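Residue indices begin at 1 and follow the sequence shown. Everything quoted here is computed from the prediction, not taken from an experiment.
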Amino acid sequence: MANTLSNALEFAVRTDPGLVRRKNEDSTFADPSHGLFILADGMGGYDAGEVASQMATSLLSSKLQGIFQLHPEYATDYKGEQSFLQRTLVANVALINAAIYDASDHGSPFFGMGTTLLTTIFCDDHVLSAHVGDSRLYRLRNDELSLLTHDHSLVQERLDGGLISPEAARCADYRNLLTRAIGIDRQVEPELHVHQTEPGDVYLLCSDGLYDMVEETEMHRTLITHAG
């Protein structure tokens, strides 16, 4: 069975190193025919962050595309922890994590590298998201902007515990410290969610390079302006 929603998707991809860094540590992948979109934001010294993010997007996209071609039932079997698509995502994120962890072992020029990972798969009238780290998924619906992911970061933990305010979180020195990332530990668990889609929805996948620099009110205004 085909992924029917993919025929209705309109998408755009943009990535930029900004004005400070020499290289771009973000890596993206888009395959609208399978409703698949991936974003990774690398971290680590020298070129390690760039290597980690590119490994994550290229390896995961290759594995998922092959599986989708062999198992078209992924487009309808996506709900519940035991669904085909959720089991597939968890298993392949584990494989990607192991590959990057091994590549960044002691003695490697890429020692200590890691990356965030955000994957969305649009199926029928739903979107499945899987993320590790603090790259985010937003949804614009009826002019309302909603954050659909929960950062795996020290700042988020302190926000959740009521230890700091949202205003203090934006300028905290430790706001880039992650509590979960790809390639840092031998095992990692992605956070998965399934959301129902509606006609006219706009979804934004972004790294902290966007939301750290641009207020959500400005993101909201820009998405509304270009949503039509």
Side-chain angles (χ1 to χ4, degrees), residues 11-31 36-65 89-121 129-138 147-157 170 172-192 203-214 219:
F11 75 99
V13 178
R14 175 68 186 271
T15 181
D16 192 289
L19 300 177
V20 177
R21 294 185 178 179
R22 180 175 57 89
K23 289 192 175 182
N24 192 347
E25 294 188 335
D26 287 359
S27 180
T28 61
F29 176 84
D31 175 12
L36 172 63
F37 300 89
I38 304 173
L39 167 68
D41 178 13
M43 57 189 183
Y46 301 100
D47 296 331
E50 181 183 19
V51 171
S53 63
Q54 290 181 352
M55 283 183 65
T57 55
S58 62
L59 290 174
L60 184 58
S61 62
S62 177
K63 288 181 178 295
L64 291 180
Q65 284 179 308
L89 270 175
V90 170
N92 281 277
V93 167
L95 291 175
I96 303 311
N97 180 73
I100 295 176
Y101 181 86
D102 290 342
S104 64
D105 201 0
H106 287 279
S108 165
F110 305 122
F111 172 68
M113 72 176 177
T115 183
T116 70
L117 184 63
L118 170 60
T119 303
T120 58
I121 304 173
S129 70
H131 81 283
V132 176
D134 64 354
S135 291
R136 292 181 177 179
L137 175 64
Y138 288 90
L147 177 59
L148 301 183
T149 50
H150 195 72
D151 292 349
H152 301 143
S153 66
L154 183 57
V155 160
Q156 188 63 60
E157 286 190 352
R170 285 193 60 83
D173 293 338
Y174 52 86
R175 64 184 180 277
N176 294 322
L177 294 180
L178 301 182
T179 56
R180 201 184 309 184
I182 297 291
I184 302 303
D185 296 312
R186 190 173 295 277
Q187 295 182 332
V188 70
E189 186 74 21
E191 185 173 335
L192 280 74
Y203 294 87
L204 172 66
L205 288 72
C206 65
S207 68
D208 61 358
L210 178 65
Y211 66 76
D212 266 358
M213 302 300 296
V214 180
M219 292 164 55

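Residues Asp134 and Gln156 fail the side-chain proximity criterion, which asks for heavy atoms closer than 4.5 Å. Two residues are said to be in side-chain contact when any heavy atoms from C-beta on lie closer than 4.5 Å; Glu50 and Met113 fail this criterion. Taking 4.5 Å as the limit, every side-chain heavy atom of Ser61 sits out of range of all side-chain heavy atoms of Asp31. Counting heavy atoms from C-beta outward, Tyr174 and Val155 have side chains that approach closer than 4.5 Å. The closest side-chain heavy-atom distance from Asp105 to Phe111 is not below 4.5 Å. Under the 4.5 Å side-chain criterion, counting only non-hydrogen atoms from C-beta, Ile182 is in contact with Val188. Contact of the Asp212 side chain with the Asn176 side chain is registered, since non-hydrogen atoms from C-beta on lie closer than 4.5 Å. Between Ser58 and Phe29, every side-chain heavy-atom pair lies at or beyond the 4.5 Å cut-off.
Taking both residues in full, the closest heavy atoms of Leu59 and Ala99 are given as CD1-CB, 4.1 Å, listed atom of the first, atom of the second, then distance. Between Ile184 and Gly114, the closest heavy-atom pair is CD1-CA, 3.9 Å. Across Thr179 and Ser153, no two heavy atoms sit closer than the pair OG1-N, 3.3 Å. Among all heavy-atom pairs drawn from Phe110 and Ala103, the shortest one is CB-O, 4.2 Å. Closest approach of Cys206 to Tyr211, counting heavy atoms only: SG-CD2, 4.0 Å. Nearest heavy-atom pair across Ala130 and Leu192 is CB-CG, 4.0 Å.
Residues Phe11 and Phe37 bring their aromatic ring centres within 6.0 Å.
Here the straight-line distance linking atom CG of Leu95 with atom CD1 of Ile100 works out to 11.5 Å at 0.5 Å rounding. Taken from CZ in Arg136 to CG in Leu39, the straight-line distance is 12.5 Å, to the nearest 0.5 Å. Rounding to the nearest 0.5 Å gives a distance of 11.0 Å between OG1 of Thr115 and CD1 of Ile96. We find the CG-CE distance between Asp208 and Met43 to be 10.5 Å, quoted to the nearest 0.5 Å. Taking CG from Asp41 and CG from Leu205, the interatomic distance works out to 12.5 Å, rounded to the nearest 0.5 Å. Atom-to-atom distance recorded for Arg180:CZ and Leu178:CG is 11.0 Å, nearest 0.5 angstrom.
Of the possible polar contacts, one joining the Ser53 side chain to the Glu25 backbone as a donor-acceptor pair under 3.5 Å is found.
Checked by atom type, the side-chain pair Ser135/Thr116 shows a donor-acceptor distance below 3.5 Å. Donor-acceptor pairing under 3.5 Å is lacking for the side chains of Gln187 and Asn97. Glu191 and His152 share a side-chain donor-acceptor pair at under 3.5 Å.
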Apply side-chain contact (heavy atoms from CB on, under 4.5 Å) to the pair Leu118 and Leu137, showing each step before the final yes or no. CA-CA 8 Å; Leu118 170 60; Leu137 175 64; 4.3 Å; yes

Tell me, with the steps shown, if Leu117 and Ile38 meet side-chain contact (heavy atoms from CB on, under 4.5 Å). CA-CA 7 Å; Leu117 184 63; Ile38 304 173; 3.7 Å; yes

